[in-house]
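Have a look at the structure below, then the notes.
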Amino acid sequence: MAVRSNIVGIDSPEALERALRAAYYLADEGLATAAYLGLALGKPLLLEGAPGVGKTEAAKAIAAVLGRQLIRLQCYEGIDASAALYEWNYPRQMLAIRQAGDDSIDIYGETFLIERPMLAALRAPDSTVLLIDEIDRADQEFEAFLLEFLSDFQISIPERGTVRAAERPVVVLTSNRTRDLHEALRRRCVYHWIDYPTAEREARIIMMRASSVAEATARAVVAAVEKLRREPLSKAPGIAEAVDWAEAATLLNKGGARWPDAFKRSIGVALKDEEDLHFIAPRLDALLAEATA
């Protein structure tokens with residue numbers, strides 16, 4: 001296995017952690033180590049965790065650190081190879097055939113090929129990061145197809161031949177673990193589970209992402225979202241919601257709303273489900289009073 005000991009000046013997990021911090025992403029030691037090993041070993045990085053813990057943001061930060069374009073493949077139920085790899089521009093092919101008349105024409109030339117995320121990453125492995133987002137939402141057939149891609153980093157286009165990556169591309173997969181992924185897929189990856197950050201780290205994230213938010217506000221938001229996450233909600237607030245809530249409450253406070261009323265009035269930034277709002281409403285005042293005490 002070829003080991004890349006130095007990736008754009010990053011020669012250790014600690015160096016990657018510092019680089020990610022400069023890209024406004026606070027990674028803990030475990031994530032920085034897993035990401036570094038994935039880059040150094042040329043293996044895909046599989047990030048699992050609850051929605052909102054920063055999996056997609058981690059991929060964006062890695063792309064920023066490497067100075068590469070992020071290519072995102074958003075998975076969904078029923079996704080197939082044509083949406084992930086390539087497809088032919090059929091209307092353009094038909095038009096070209098009509099215009100050519102009796103002349104010969106190659107309707108499988110580059111002009112007619114519609115490039116999708118995985119093919120784009122294979123063709124430019126040195127300047128892209130491929131994010132396969134929420135792989136658990138795809139069905140098992142697509143997951144099986146993905147195994148071959150992650151093993152050899154090549155695809156076969158029947159009309160044109162095999163396309164191979166000149167070097168192993170940087171690939172990040174994310175999963176919300178709505179279903180178990182196949183063991184064969186896990187074996188091909190460097191794995192890391194991302195949990196919600198500690199209160200101290202989340203407060204730092206809020207102040208980093210929302211520079212106008214005071215430390216006391218950030219800590220109050222962290223205390224409140226930690227309590228909300230322990231409730232049986234259909235959609236617990238993630239880190240992005242915590243940042244937005246802190247910004248929204250600060251904006252209302254600057255406009256004259258007092259604490260903790262500013263938090264209460266902006267609760268729709270943190271909770272985005274009618275049933276969740278209805279469920280928490282009877283205890284929201286007490287929860288916010290405790291969080292801001």
Would you find more than 12 non-hydrogen atoms of other residues, nucleotides or ligands less than 6.0 Å from Glu231 atom CD? yes

So that I can tick it off, tell me whether Glu57 and Lys60 are bridged by a salt bridge, with the cut-off set at under 4.0 angstrom between side-chain N and carboxylate O. yes

Between Arg177 and Asp136, is there a salt bridge with N-O shorter than 4.0 Å? no

Pair Glu14 + Arg18, salt bridge at N-O below 4.0 Å: no

From CG (Leu146) to CZ (Arg188), nearest 0.5 Å: 9.0 Å

Min side-chain heavy-atom separation Arg204-Pro197 under 4.5 Å: no

Taking the side chain as C-beta and beyond, is there a heavy-atom pair between Leu252 and Ser266 under 4.5 Å? yes

Hey, does Leu39 have a side-chain heavy atom less than 4.5 Å from the side chain of Tyr36? no

Side-chain heavy atoms of Asp106 within contact of Arg160, under 4.5 Å: no

Distance in Å, Leu31 CG paired with Leu47 CG, rounded so as to fall on 0.5 Å steps: 6.0 Å

Within this structure, what is the CD1-CH2 distance for the pair Ile114 and Trp88, rounded to the nearest 0.5 Å? 10.0 Å

According to a 4.5 Å side-chain heavy-atom criterion applied to Ile, Leu, Val, Met, Phe, Trp and Tyr, with indirect links allowed, do Tyr76 and Leu185 form part of one hydrophobic cluster? yes

According to the interplanar angle, ranging from 0 to 90°, do the rings of Phe153 and Phe149 count as parallel (below 30°), tilted (30 to 60°) or perpendicular (above 60°)? perpendicular

Qualifying residue for side-chain hydrogen bond (donor to acceptor under 3.5 Å, both in side chains) with Glu134, from Asn176, Thr178, Thr174: Asn176

Tell me, do Lys227 and Arg283 make a side-chain contact under 4.5 Å, heavy atoms counted? no

Check the angle between the aromatic planes of Phe142 and Phe145 and answer parallel, tilted or perpendicular using the 30° and 60° thresholds. tilted

Does some side-chain heavy atom of Arg186 sit less than 4.5 Å from a side-chain heavy atom of Glu48? yes

Looking at Tyr191, I'd like to know if the NZ or CZ of Arg187 sits under 6.0 Å from its six-membered ring centre while staying within 45 degrees of the ring's axis. no

Please check if the number of heavy atoms outside Gln74 that lie under 6.0 Å from its CD is greater than 12. yes

CD1/Ile205 to OH/Tyr25 distance, rounded to the nearest 0.5 angstrom? 7.0 Å

Could you tell me the separation between the CD atom of Gln140 and the CG atom of Leu181, rounded to the nearest 0.5 Å? 9.5 Å

Trp193 vs Val53 side-chain heavy atoms within contact, under 4.5 Å: no

What I'd like to find out is whether the side chain of Trp245 reaches to under 4.5 Å of the side chain of Glu241, using heavy atoms alone. no

If only atom types and distance count, is the side chain of Arg68 paired as donor or acceptor with the main-chain N or O of Thr128 below 3.5 Å? yes

Just jot down the side chain to side chain donor-acceptor pair (under 3.5 Å) partners of Gln154, sequence neighbours excluded, or say none. Arg164

